[in-house]
Undergrad: 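Quick one: this structure, given as structure tokens, is what I'll be asking you about.
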Amino acid sequence: RLTGEYISSKKLKSIERIVREKEFKRIDLKKGFTAYSDQLTLTIKKEEEQQTLYKALESVPEIIVTPEGTFEFFFSDVKLEREDIFCFPEKFLKEGIEVRYRKEGDKVKLKCGTKSLKKVFIDMKIPKLRRDTIPIIATKTGDVLWIPGVIKAYIISSKSDKFICVRFRSGTKGTDR
């Protein structure tokens, strides 16, 4: 039963089938509920409107709060090398920096070329349902710079560059968990 409604045996058989296939599938149920199978996980949840996230970096220092956590932008004279911090040359500010969810066709520059975000998420085994809710740092021209906990873009910089660094702290609506 879903909120007082019964699931038909036909829907239950469909759910069983998508679990056995071990690939991403979706079945619409009654009352706005949807069943998703993503590899080994079955999720039944009430559909919500797709969240949108788009926040432009207006100045540095700045804090941008998202549903997934807080991004803290600050200046640094040196490139900091830490897991929770990503630094890029100050010159990227001219292109415009934004915090957003992924878009179709997003790519990230790596030392050996470029890779689509779709391929990055597949290689990292990030569930399909989660991919649209992971915040990314990108330029307004579409270059993905950083996805916290997933990948950092390869950026060539010189020793004379000043850097903008961004620290990500995960947590619901920007508060630490």
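Count residues from 1 along the sequence.
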Undergrad: How long is the straight-line distance from CD1 of Ile15 back to NZ of Lys11, given to the nearest 0.5 Å?
TA: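 Reported value, rounded in 0.5 Å steps: 8.5 Å.
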
Undergrad: Quick one: closest heavy-atom pair of Met124 and Val150, and the distance?
TA: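 So the minimum-distance heavy-atom pair works out to CE-O, 3.8 Å.
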
Undergrad: Thinking salt bridges, do Arg169 and Asp84 make one under a 4.0 Å N-O criterion?
TA: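 Result for this pair is no, no salt bridge flagged.
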
Undergrad: Supply the atom-to-atom distance Asp132 CG to Ile126 CD1, rounded to the nearest 0.5 angstrom.
TA: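 Separation between the atoms: 11.5 Å.
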
Undergrad: Passes side-chain contact (heavy atoms from CB on, under 4.5 Å), Glu68 versus Tyr101? Steps please.
TA: CA-CA 11 Å; Glu68 294 77 20; Tyr101 294 134; 2.9 Å; yes

Undergrad: Using the rule side chain to side chain contact (heavy atoms under 4.5 Å, CB included), only one of Ile64, Ile136, Val65 pairs with Val99; which is it?
TA: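 Considering Ile64, Ile136, Val65, a side chain to side chain contact (heavy atoms under 4.5 Å, CB included) with Val99 is found only for Ile64.
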
Undergrad: In the structure I gave you, are the side-chain heavy atoms of Glu72 and Arg167 within less than 4.5 Å of one another anywhere?
TA: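 Yes, their side chains come closer than 4.5 Å.
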
Undergrad: Starting at CD1 of Ile164, measure out to CZ of Phe92 and round the result to the nearest 0.5 Å.
TA: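 Going from CD1 on Ile164 over to CZ on Phe92, the span is 10.0 Å.
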
Undergrad: Counting C-beta onward and ignoring hydrogens, is there a side-chain heavy-atom pair between Phe163 and Asp77 closer than 4.5 Å?
TA: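 Result no, sub-4.5 Å side-chain heavy-atom pair not found.
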
Undergrad: Please examine the side chains of Phe74 and Ile85, heavy atoms only from C-beta on, and report whether any two atoms are closer than 4.5 Å.
TA: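 Answer yes - side chains close enough.
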
Undergrad: Indicate the ring-plane relationship of Trp146 and Phe168, choosing parallel, tilted or perpendicular according to the 30° and 60° boundaries.
TA: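 Plane angle over 60°, so perpendicular.
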
Undergrad: Examine distances only and state if a side-chain atom of Glu62 and a backbone atom of Ser59 form a donor-acceptor pair shorter than 3.5 Å.
TA: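 Checking the backbone N and O of Ser59 against the side chain of Glu62, a donor-acceptor pair under 3.5 Å is found.
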
Undergrad: Are the side chains of Val144 and Ile151 in contact, using a 4.5 Å heavy-atom criterion?
TA: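 No, too far: nothing below the 4.5 Å cut-off.
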
Undergrad: Does any part of the side chain of Arg102, heavy atoms only, come nearer than 4.5 Å to the side chain of Thr133, both counted from C-beta?
TA: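 Counting from C-beta outward, Thr133 and Arg102 never come under 4.5 Å.
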
Undergrad: Mind checking the OG1-CG spacing from Thr139 to Leu93? Nearest 0.5 Å is all I need.
TA: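 Rounded to the nearest 0.5 Å, the OG1-CG separation comes to 11.5 Å.
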
Undergrad: Side chain to side chain contact (heavy atoms under 4.5 Å, CB included) with Ser9: which residues, sequence neighbours excluded?
TA: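 By the side chain to side chain contact (heavy atoms under 4.5 Å, CB included) rule, Ser9 matches no residue at all.
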
Undergrad: Mind checking the NZ-CZ spacing from Lys152 to Phe88? Nearest 0.5 Å is all I need.
TA: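 Lys152 NZ to Phe88 CZ: 12.5 Å, rounded to 0.5 Å.
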
Undergrad: Are the side chain of Ser76 and the backbone N or O of Lys79 linked by a donor-acceptor pair below 3.5 Å?
TA: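 Checking the backbone N and O of Lys79 against the side chain of Ser76, no donor-acceptor pair under 3.5 Å is found.
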
Undergrad: Do Ile156 and Tyr154 have side chains that get closer than 4.5 Å, going by heavy atoms?
TA: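 The answer is yes, as the side chains (C-beta and beyond) meet within the 4.5 Å cut-off.
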
Undergrad: Determine, using the 4.5 Å side-chain heavy-atom cutoff (strictly less than), whether Phe86 and Val60 are members of one ILVMFWY cluster.
TA: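 Hydrophobic grouping puts Phe86 with Val60.
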
Undergrad: Looking at Arg100 and Asp106, is any side-chain nitrogen of the basic one under 4.0 Å from a carboxylate oxygen of the acidic one?
TA: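 Looking at Asp106 and Arg100, the cut-off is met.
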
Undergrad: With side-chain contact (heavy atoms from CB on, under 4.5 Å) as the test, would you mind laying out the steps for Leu12 and Glu16 before giving the verdict?
TA: CA-CA 6 Å; Leu12 284 173; Glu16 181 183 19; over 6 Å; no

Undergrad: Are Phe71 and Leu57 side-chain neighbours, meaning at least one heavy-atom pair lies under 4.5 Å?
TA: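 Answer no - side chains too far apart.
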
Undergrad: Is the shortest side-chain heavy-atom distance between Lys115 and Asp123 below 4.5 Å?
TA: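 Sidechains of Asp123 and Lys115: in contact.
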
Undergrad: Rounded to the nearest 0.5 Å, what's the gap from CD1 on Ile155 to CG on Leu145? Could you check?
TA: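 Ile155 atom CD1 to Leu145 atom CG measures 5.0 Å (nearest 0.5 Å).
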
Undergrad: I'd like to know if the side chain of Asp161 and the backbone of Ser158 have a donor-acceptor N/O pair within less than 3.5 Å.
TA: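 Side chain of Asp161 to backbone of Ser158, a donor-acceptor pair under 3.5 Å: yes, one is there.
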
Undergrad: Donor-acceptor pair, distance only, cut-off 3.5 Å: does the side chain of Ser14 make one with the backbone of Lys10?
TA: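 Checking the backbone N and O of Lys10 against the side chain of Ser14, a donor-acceptor pair under 3.5 Å is found.
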
Undergrad: Taking only residues two or more places apart in sequence or in another chain, which ones pass side chain to side chain contact (heavy atoms under 4.5 Å, CB included) with Lys107?
TA: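 Counting only residues at least two positions away or on another chain, Lys107 forms a side chain to side chain contact (heavy atoms under 4.5 Å, CB included) with Thr114, Ser116.
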
Undergrad: Under a 4.0 Å N-O cut-off, is there an ion pair linking Glu98 with Lys55?
TA: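 No.
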
